[in-house]
Amino acid sequence: TMQFVLAFLRPSAGLETGLPNGTCFEDAVPVELRKNLTSMEGEPIPVTFLLAGWNSAQVTSSVIEILISEIMGYIIAVEPRAPPSSLDSIYCMLGCATWWNATSRGCETRKVKHHMMIDSWYLTYTHIINSLKEIYMEEMPVTAGSMGYPGQTGIYLPAVAVDEARNATGVALEYYANLDASWFTPSQYFADVTTVNTSDLMKCSDSLLSDNTSAYGHFAQSGDVGGVDITTDGEGVKTYKYICQDGYFWLSSACRSDPTKCVPFITGGGGWDTLSTTQQAAAYNMPLALGVAASWSKFLEVPKKYKTMFYWWTPDNAFIEMRPSKLVLPPFNAYAWSQGDYTTAGSAIPVAKIATKDLQAMAPDISKLLEASVFDLEAVDNMMINMKSKSLTREQVACDWLKGNTDRWKPWIPKATKCNPGFGLYDDATDTFTANRATATTCRACLPGMLSKAFTDDDGSTYICEACPAGQQQLGAGAMACDACPAGTAKAEQSTEECAPCAAGQYQDEKGALQCKMCPPGTTTMILGTKLISGCGCQAGSIDVSDLNSPDRLAADCIDCSEGLTCPVMSTVSALLAGSSPNGADFTPVVKRGYFSLEAEPIEVFKCLSTVQCPGGEPNICGGGREGVPCGECPADTYWAGSKCTGCSAWSVIAWIM
């Protein structure tokens, strides 16, 4: 039940919002006046957020949550389980029962409970998204708008080292060419690699530094024979792994002969970006000593404990107080990367808001807010810094930003009566569509039987929903036009009703008709919705004598059936001769018992002396072997024996002669 679902969602109202006074704005829409969404099944449900654990998502989601609840007046809820990654969020938004379980997502039974996620990196999983689209098609979540900033990953340098180099020599350490050991010694601004405690690091044998594919990719691109160990087994198969002189650090060729000249570079996760970093070090003669942190906590600790370069991504607050600079490399080369050459910068990663497909229909104003709201990275960084340095809740830093940037977010709030194509003005008080902006409170998707029509007044342009005109219908919702009534149907007045099929005795061979055409006199139809005049057949008691196969035939040619014929509705001479009708046995005309007709003249009926002689059915049928018209005699050398014609014996012939 819906109550069961809501029990597992965290409401975001009152003191539970993380705001001291329960709300951010003094003039916030009162909690008791806020409204639910109405699901596609007609259930009232709150606007439900999937909240990621990373800090950029925490603060930006809070901004959107406050705007939707306090300014736009919706009831909101937050899923208490944070998705481990943006990949998990895709399964969550699909409604999979155990979306957080990577080995069993539970997508066999789906019920969508979450409507949006802010700051999602899900577009990095393009191949998985495409595979899921083939399975779930229209159920897939959609991109609801850019965050306004890209995601970045790569090599970062702490501000203290960058500032020291710039102040001492004027060299910009964050530019890759200035790390070239052939003319500069960047290690003087970093910790001596030999002072880094290797207990904080993962052994090379346990990380991607022992990965055959990564090591081969480095060797194939750089030819760095001193940095890769190559072994060949008895069958000639080669295996590659990076060489770590001390078992913990891989040293680039620029400082391999003198480790004290190496700049320590720390990555995590078992070796994030190992291959691209080693290729770049070789390509640009950068003296790097690459080590992998032993754990997540060590990854966060080592770059702060020692002055090192490190792998990182933005936006994120893990190292934000160090004011790091991203290493500037040659611009991203998509073709080179596709060929295994990672010596240029990585591509920017789109960061977006994602929403369920049906949110647009349930709340177009929320969809407009998501599309319009964009953040700059500096604003997000400042919110993350304040949350960390001042020990504020995510809602508090979001509220502070909102109060200090009114001019920034005010244009994000859509006018309630600014409707999109496919929608129309709607009055919540009367629960009806309206053509008057003054009485409208929101926009709703036009229902089946309606079209969305452009409308302009003193407040600008919008859309209204109107019933389809006479002769037209619309079976889908959110349509911009109605469709002509198909052949076999008609609609006399403007309404939301579907075109009605033509009644018995009527047909319609044109589209967009206001009314159906009457069948010719003496004819009717077997089914509703007849499309052609040829579908009009003879009424009961008459029979169609026209040639059904003639290209010149337009309509049935009905004549009254004589006394000896049984002619149900839709009778034809063709069916009489064949003894069957395409419409079934109940529509097949027959010669009555005790009557006879010739195949050449099937409707010219003769009355017989008995039903034994003329059993009826198809024309030209006689009983007991009789022949002639109307079954009046037995064949030569036979006589009528009371029920059938019997051959004459010699004694019967003699007796007859005598």
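Residue indices begin at 1 and follow the sequence shown. Keep in mind that the numbers below use all heavy atoms, side chains included, and drop hydrogens, waters and symmetry copies.
A donor-acceptor contact shorter than 3.5 Å links the side chain of Q188 to the backbone of T185. Not a single donor-acceptor pair under 3.5 Å links the side chain of D206 to the backbone N or O of M202. Checking side-chain atoms of T98 against main-chain N and O of N101 turns up no donor-acceptor pair under 3.5 Å.
Between K403 and E26, no side-chain nitrogen of the basic residue sits less than 4.0 Å from a carboxylate oxygen of the acidic one, so the salt-bridge criterion is not met. A salt bridge is absent between K357 and E139: the closest approach of a Lys/Arg side-chain nitrogen to an acidic carboxylate oxygen does not fall below 4.0 angstrom. By the 4.0 Å N-to-carboxylate-O rule, D119 lies too far from K353 to be salt-bridged with it. Comment: K415 does not engage D459 in a salt bridge, judged by the lack of any side-chain N to carboxylate O separation of less than 4.0 angstrom. Between E164 and K307 there is a salt bridge, since a side-chain N of the basic residue sits under 4.0 Å from a carboxylate O of the acidic one. With respect to E321 and K304, a salt bridge is recorded, a charged nitrogen being found less than 4.0 Å from a carboxylate O.
Aromatic ring pairs are classed by plane angle as parallel below 30°, tilted from 30° to 60° and perpendicular above 60°; the pair F25 and W409 is tilted.
Few gaps surround CG on N167; more than 12 heavy atoms of other groups in view lie less than 6.0 Å from it.
Annotation: W272 is not in aromatic contact with F265 [ring centroid separation under 6.0 Å not met]. A ring-centre distance under 6.0 Å is found for F299 and F319.
In plain terms, the two heavy atoms of L369 and M72 that are nearest each other are CD2-SD, 3.7 Å. A pairwise comparison of heavy atoms in I68 and I366 identifies CD1-CG2, 3.9 Å as the closest pair.
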